[in-house]
Amino acid sequence: MITPKEGLAYYREFLEYLGRQIDQPVEYVDAEDYAEINRKLETGELEAAFVCSGPYVDGKEKFGLEFIAAPQAYGEKVYYSYFIVPSKSQVTSLDGLKGKSFAFTDPLSNSGKLVPEYTLARMGTTPERFFSKISYSGSHDKSIKAVSEGLVDGAAVDSLIWEYKNQKFPEQTANTRIIFKSKPYAPPPFVVRPGLDPAIKEKLRQVMLNAHKSPEGKVILSKMMIDRFVPLNDSAYDSVRQIKLWVDKPKPGKPR
């Protein structure tokens with residue numbers, strides 16, 4: 001959610017740090033997609049997770065998913081959806097993508113699906129009508145690669161992932177170009193399942209919020225391109241809720 005695939009080692013490093021700080025072992029668990037992560041949190045198969053802001057809103061409403069902290073990166077407590085095209089593309093705006101192929105990341109992704117769908121809805125159209133072909137890459141990394149290699153004409157990706165790659169692996173973004181930057185949204189949070197022991201929950205919160213003050217924690221965060229973790233009010237995610245309401249609202253002539 002915060003770093004691309006190359007940063008997976010830093011996630012593991014951070015989780016090991018987290019485990020030492022709360023004096024409990026932490027097991028890393030991966031999942032196929034955002035829906036699977038939420039399912040595991042709801043059933044108690046996972047205690048905590050990094051999730052996208054879209055799935056956080058879903059989980060909060062459906063089964064009481066609890067916010068712990070969110071990343072502040074590149075000096076901001078927000079992130080964006082970037083619409084990107086191949087650097088050699090003649091497309092310079094969203095309108096130029098009409099009739100082109102486009103990649104989303106995951107059906108529940110805010111930056112990789114909900115934001116572009118909402119943007120098109122405000123234009124009075126849908127992805128199915130606007131683009132000639134729609135595909136799901138499964139990750140922001142794969143969407144960036146697909147655009148870079150010209151496999152699709154455009155894609156919507158998480159700004160945190162694109163910026164990380166642009167700074168650490170500029171060769172991976174060199175063949176892409178940003179043509180649209182959405183308004184800011186509250187970043188993908190670190191969450192815990194409802195019912196988790198309050199003492200453990202508070203330990204996790206304190207470790208996350210103070211990691212940047214620890215020499216060891218600061219080094220790991222810098223590798224992840226995160227300034228620090230910060231507290232946010234749940235209301236910070238209301239803009240994501242508004243998008244979901246708009247996108248899910250029945251449209252005239254559209255079967256439900």
Side-chain angles (χ1 to χ4, degrees), residues 1-8 11 30-42 46 49-62 65 67 70-71 73 78-85 94 97 101-122 126-128 130-131 133-148 151-165 173 176 178-191 232 236-248:
M1 314 303 159
I2 306 168
T3 64
K5 186 177 180 180
E6 294 93 339
L8 179 58
Y11 271 103
D30 203 352
E32 287 292 322
D33 51 33
Y34 297 158
E36 179 70 3
I37 294 173
N38 269 21
R39 186 194 68 77
K40 287 178 178 291
L41 285 164
E42 183 176 10
L46 288 178
F50 287 102
V51 299
C52 183
S53 48
Y56 164 66
V57 167
D58 285 343
K60 177 74 173 178
E61 179 180 357
K62 184 180 179 183
L65 195 57
F67 173 94
V78 296
Y79 80 128
Y80 308 86
S81 175
Y82 284 173
F83 293 12
I84 60 174
V85 299
L94 179 56
L97 283 172
S101 60
F102 197 81
F104 294 126
T105 53
D106 183 281
L108 296 183
S109 172
N110 183 55
S111 59
K113 174 59 164 63
L114 295 178
V115 171
E117 188 173 7
Y118 172 74
T119 302
L120 291 174
R122 298 287 292 181
T126 65
E128 292 76 16
F130 190 78
F131 300 116
K133 182 182 179 182
I134 297 170
S135 58
Y136 286 90
S137 69
S139 74
H140 298 283
D141 301 68
K142 291 179 180 178
S143 286
I144 293 172
K145 183 177 182 180
V147 171
S148 177
L151 301 179
V152 292
D153 297 313
V157 299
D158 182 329
S159 66
L160 297 176
I161 305 295
W162 192 92
E163 293 293 352
Y164 181 104
K165 281 184 170 290
T173 56
T176 69
I178 302 168
I179 61 166
F180 177 82
K181 177 181 177 181
S182 74
K183 72 177 186 178
Y185 294 96
F190 182 78
V191 299
L232 290 177
Y237 293 89
D238 283 351
S239 58
V240 179
R241 293 184 173 95
Q242 291 167 5
I243 285 182
K244 292 181 70 64
L245 284 173
W246 177 281
V247 169
D248 293 340

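Position 1 is the first residue of the sequence; numbering continues from there. Everything quoted here is computed from the prediction, not taken from an experiment.
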Note: Leu120 and Thr126 closest approach over all heavy atoms is CD1-C, 4.1 Å
OH-CG distance between Tyr185 and Asn110, expressed to the nearest 0.5 angstrom
6.5 Å
When rounded to the nearest 0.5 Å, the distance separating CZ of Phe102 from CZ of Phe130 is 9.0 Å
I'd like to check Thr173 versus Trp162 (side-chain heavy atoms, cut-off strictly below 4.5 Å). Are they in contact?
yes
If the condition is side-chain hydrogen bond (donor to acceptor under 3.5 Å, both in side chains), which residues does Asp153 pass it with, not counting sequence neighbours?
Ser101
Closest approach of Tyr237 and Pro187, non-hydrogen atoms and distance?
OH-O, 2.7 Å
Any side-chain heavy-atom pair from Leu108 and Lys113 closer than 4.5 angstrom?
no
Can you find a pair of side-chain heavy atoms, one from Leu160 and one from Pro188, that are under 4.5 Å apart?
yes
Test side chain to side chain contact (heavy atoms under 4.5 Å, CB included) on Asp141 and Lys165 and set out the steps.
CA-CA 9 Å; Asp141 301 68; Lys165 281 184 170 290; 3.5 Å; yes
Step by step, work out the side chain to side chain contact (heavy atoms under 4.5 Å, CB included) result for Val157 and Ile161.
CA-CA 8 Å; Val157 299; Ile161 305 295; 6.0 Å; no
Correct closest heavy-atom pair for Ala31 and Ile37 would be CB-CG1, 3.5 Å
Checking the side chain of His140 only, and the main-chain atoms of Asp158 only, is there a donor and an acceptor separated by less than 3.5 Å?
yes
With the side chain counted from C-beta on, respond yes when Lys181 and Phe83 share a heavy-atom pair under 4.5 Å apart, and no when they do not.
no
Indicate every side-chain donor-acceptor pair of residues 51-58 with a distance under 3.5 Å to a residue at least two apart or in another chain.
| from | atom 1 | to | atom 2 | distance (Å) |
| --- | --- | --- | --- | --- |
| Ser53 | OG | Tyr79 | OH | 2.7 |
| Tyr56 | OH | Asp234 | OD1 | 2.6 |
| Asp58 | OD1 | Lys244 | NZ | 3.0 |
| Asp58 | OD2 | Lys244 | NZ | 3.4 |

From OH (Tyr118) to OG (Ser239), nearest 0.5 Å:
9.5 Å
Kindly check if the number of other-residue, nucleotide or ligand heavy atoms within 6.0 Å of CD (Glu32) is above 12?
no
Ring-ring centroid check Phe190 Phe67, cutoff 6.0 Å
no
Please round to the nearest 0.5 Å and tell me the distance separating atom CG of Leu114 and atom CD1 of Ile243.
6.5 Å
In Å, rounded to the nearest 0.5 Å, how long is the span from CD1 of Ile84 to CD1 of Ile144?
5.5 Å
Using a 3.5 Å distance criterion without hydrogens, assess whether the side chain of Ser182 forms a donor-acceptor pair with backbone atoms of Ser81.
yes
For a 4.5 angstrom cut-off between non-hydrogen side-chain atoms, does Glu128 reach Lys133?
no
With a 4.5 Å cut-off on side-chain heavy atoms, are Thr119 and Leu94 touching?
yes
Distance-only, no hydrogens or angles: does the Ser139 side chain make a donor-acceptor pair with backbone N or O of Lys142 under 3.5 Å?
yes
Between Asn38 and Gly59 the two heavy atoms that sit nearest each other are ND2-N, 3.6 Å
Ala156 to Thr105 - nearest heavy-atom pair and separation:
O-CG2, 3.9 Å
On the six-membered ring of Trp246, is Arg122 placed so that its NZ or CZ lies under 6.0 angstrom from the centre and within 45° of the ring axis?
yes
With a 4.0 Å cut-off on N to O distance, would you call Arg39 and Glu36 a salt bridge?
yes
Between Phe131 and Leu97, is any pair of side-chain heavy atoms under 4.5 Å apart?
yes
Minimal non-hydrogen separation, Glu163 against Tyr82, with atom names
OE2-OH, 2.7 Å
Min side-chain heavy-atom separation Pro116-Phe104 under 4.5 Å:
yes
